[in-house]
Structures are given as C-alpha cells and as structure tokens.
2 protein chains.
Amino acid sequence: MIRAAVELFTERGFEQTTAGEIAERAGVTERTFFRHFADKREVLFDGSRTMERTAYDAILAAADDLSPLDAALAGMTAGGGMLEDIRDHAIRRSKIVAANPGLQERELLKLAAMAEVATEALRKRGVGEPAASLAAHSAVTVFHVAFTRWLSAQPAPSFADCVAQAADALRALL
Amino acid sequence: MIRAAVELFTERGFEQTTAGEIAERAGVTERTFFRHFADKREVLFDGSRTMERTAYDAILAAADDLSPLDAALAGMTAGGGMLEDIRDHAIRRSKIVAANPGLQERELLKLAAMAEVATEALRKRGVGEPAASLAAHSAVTVFHVAFTRWLSAQPAPSFADCVAQAADALRALL
DNA sequence: CACGGTCATGTCAGTCGCTGTCATTACACT
DNA sequence: AGTGTAATGACAGCGACTGACATGACCGTG
C-alpha cells in the first residue's frame, strides 16, 4: 500500500489521488486501507514510531557525562541513521510532502512527537524542566536542518555529519 | 462566527461540533462559513497572520547591534504582546486546542509559519544560513515555552517576562 | 433615476475522507 | 471437529469541503 501510494502521489499528486485508488492499486479495499492507516496522510509516515523509539533508546544509552543537548543530539543521529539505507525513498517522499501543506502539517506533528519523546528520555536521565524541553526541541530543530541538508546535498553525506554541522551552527549562535 | 465556534467547541468539543452548527449559531450558512475560513480548524487561528506581521516588523525594527537570536526574540515578545489584552480568550482557546490532536497539528503549522517569517526577517537583517533558520526556530521554541507558561501561571505574568525567562533557560543549556 | 459592477451571501448538488456494522474467510490452537 | 482470533470485504452513512449559479445590497456613473 505504501508503495502504491507513493507511486500515485508522484504521478498525480496527493490531493488528486483518492484513498480508493491507492487501495485498488494495492489490491485491497478502501476500508482495509483505513484499517492500516489512521488517515490518508499517515501512509507517508509509517516508520515514524520506530524512529522515535530508536532516538529514545539512544538518548538513554548515551554516555553519562554528555550534556542534555548532546545526549538529545545523539538520539537524533541514531534516529536519522535509520534512513541511511533508504535515501532514495526519503527523497521521493520529501518531494511529495513539500508539495502539500497538509502533509507538511503532519510532518511537523511527527517532529513534535519526536521532541516529546526526546524530552521524556532526557527527563529519565535526570534533566529538569524547562531544560529538557528546550534541549529536546533544539535537538529536533537541528535534526530538521540536518535532514533537509542530507536530502539535498550532492554527493550524499552521512547523516551524522549533517547533524554535527547543524549543531555547530546552533552553538555558534551564542 | 469565531465567538459561536468557541462557544460550541467549549460546550461539546471540537469534533462533536459540525461546521453547519457553527454557521447556524452565527446566523449564516455553512457555505458562508467556508468562505471565511479555509477549513473548520482555521476559525481558531484567525489572528495568526497579524501576529506574524507584528513579529516580522519588530525583528526588522530591533537595534542593529542585537545578535540574531536576540532580534528574533524581540519579534516573539512583540508578537506575543498582542495577546496581553485577550488572555481570557487565549486560555479558553488553548483548552480547546489541547483537547484535539488535529488542532495541535494546526498550531504547529502556525508556529512553523512564524519561524519562516522570522527567518525571512533575519535574512533581511543580513543574517546568513543556516544561522537565520536556527535562530528563528530557537526563538519560536522559546516563544512556545513562554506562551505555555504565560497561560498557566498565576497570577498572570507579563509575556515579555516569560520570554526572557525561557530565553535564559535556553542559554543555560550551553 | 436607471444602469452596470462587485461583493457577500444563499442554495443545491456532488465528491471524498472516514467510520460503524455485519458477514466472510483463513489460520491457530485444542 | 470445534472454537477463538485476526484480517478482509461489503455496504450504508455522516460530515468536511467545493463548484456553480442565483439573489440581493451597495456604489459610482451617466
């Protein structure tokens, strides 16, 4: 279904594709489509939960002497690292998302969820508020900048490098 | 219409209120409702454009010797300052938004738009990339934290104080 | 005053996203 | 064979949203 959806979205665009058409190409019913995905957008955000868990685990696994921000950044690096193998798919996907405001909205929600998860992990490391929230959100901002660059840069850089670079830029602000 | 919508959302919740019902209470047609608001959620985000413009202007008007982050924060203070007069309404509104994921999604989109606008203003001040993006997003993160606190703190603090406090917490992270 | 323009609104029909419900099928365990 | 469970199909229905056309208020011009 995911493959069918990406194909159709690429061909005609997100809004011009009905849920029924995706289901049809995937060989199932529209009803079945909505049993697997809460809504039409969600088909493009399938791995997000896994990524959140990966980031969460990485933050908890980070060295004890790391600052909250560095620990959160380690989580972002780990989470984003999951995408190294599927850069092609990520690029196709990002083009679709970029062309539709509703999908960007959903992407923001996923980033916010990532920040929530990172906040939770930092708190578990003993970081208080509002430091945990701020560090987590800052890390996600870095993630976002790094992700954008990772998608567009030629030749393909490593995700970790992109994160490190964006993090340096953030530190330079102060 | 906005008043009618807030009333109904408070009484029965966002999802349990149809666009037709809002229109009816406001004395217009459902079709008219959708001529004024792009979708049902948008009725709760009416002033966002104005706030963005205010922030944008404030960033451009900020003292030349301010750092990018401080200039962006000045914009957040100015934008949030618009709400000082309508804190009651802001509180009611935030309860509605907090109760519905779809509305939180839209709120994130508005915050992202704010970050975009702030980025643009910083760029016009001569700030390069990715410094402008990062400073703008950091400022919006501070704005968000400050806004949350401004809504919940008792007695009502000034918005500027909340921003200053959140900004200090951010700086302490590094 | 009559006329033409535009602007907001009402009316109606229609598409599509999404959901509840029930029946069916396939498989797993006993 | 019998029983439970999970996935799917089939169908009906609601509500969000849109396009098209008609109506009426207002406004400036002749």
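Protein chains get the first letters and strands the later ones, always in sequence-line order, with residue 1 at the start of each.
When rounded to the nearest whole Å, the span between CD of A:Glu42 and P of C:dC18 equals 10 Å.
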Practice prompt. Before giving the answer on side-chain contact (heavy atoms from CB on, under 4.5 Å), spell out for A:Thr17 and A:Glu11 the whole-Å C-alpha distance, their side-chain angles and the decisive distance to 0.1 Å.
Written response: CA-CA 9 Å; A:Thr17 306; A:Glu11 293 170 15; over 6 Å; no
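Contact record, B:Met76 with B:Ala118: CE-CB, 4.2 Å, taken as the closest heavy-atom pair. Of all heavy-atom pairs between B:Ala135 and B:Leu122, the closest is CB-CD1, 3.8 Å. The minimum heavy-atom distance linking A:Ala160 with A:Glu84 is given by the pair N-OE2, 4.3 Å. A pairwise comparison of heavy atoms in B:Arg171 and B:Leu73 identifies NH2-CD1, 3.9 Å as the closest pair.
Residues from residues 28-41 of chain B with heavy atoms under 4.0 angstrom of DNA chain C, sorted by number: B:Val28, B:Thr29, B:Arg31, B:Thr32, B:Arg35, B:His36. Annotation: proximity of residues 9-21 of chain A to DNA chain C (heavy atom, distance under 4.0 Å) is found for A:Thr17, A:Thr18, A:Ala19, numbered in ascending order.
The existence of a salt bridge linking B:Arg12 and B:Glu21 is confirmed by a sub-4.0 Å separation between a basic side-chain nitrogen and an acidic carboxylate oxygen.
Within a 6.0 Å radius of CZ in B:Arg87, more than 12 heavy atoms belonging to other residues, nucleotides or ligands are found.
Side chain to side chain, B:Thr54 and B:Asp57 fail the donor-acceptor criterion of an N or O pair below 3.5 Å.
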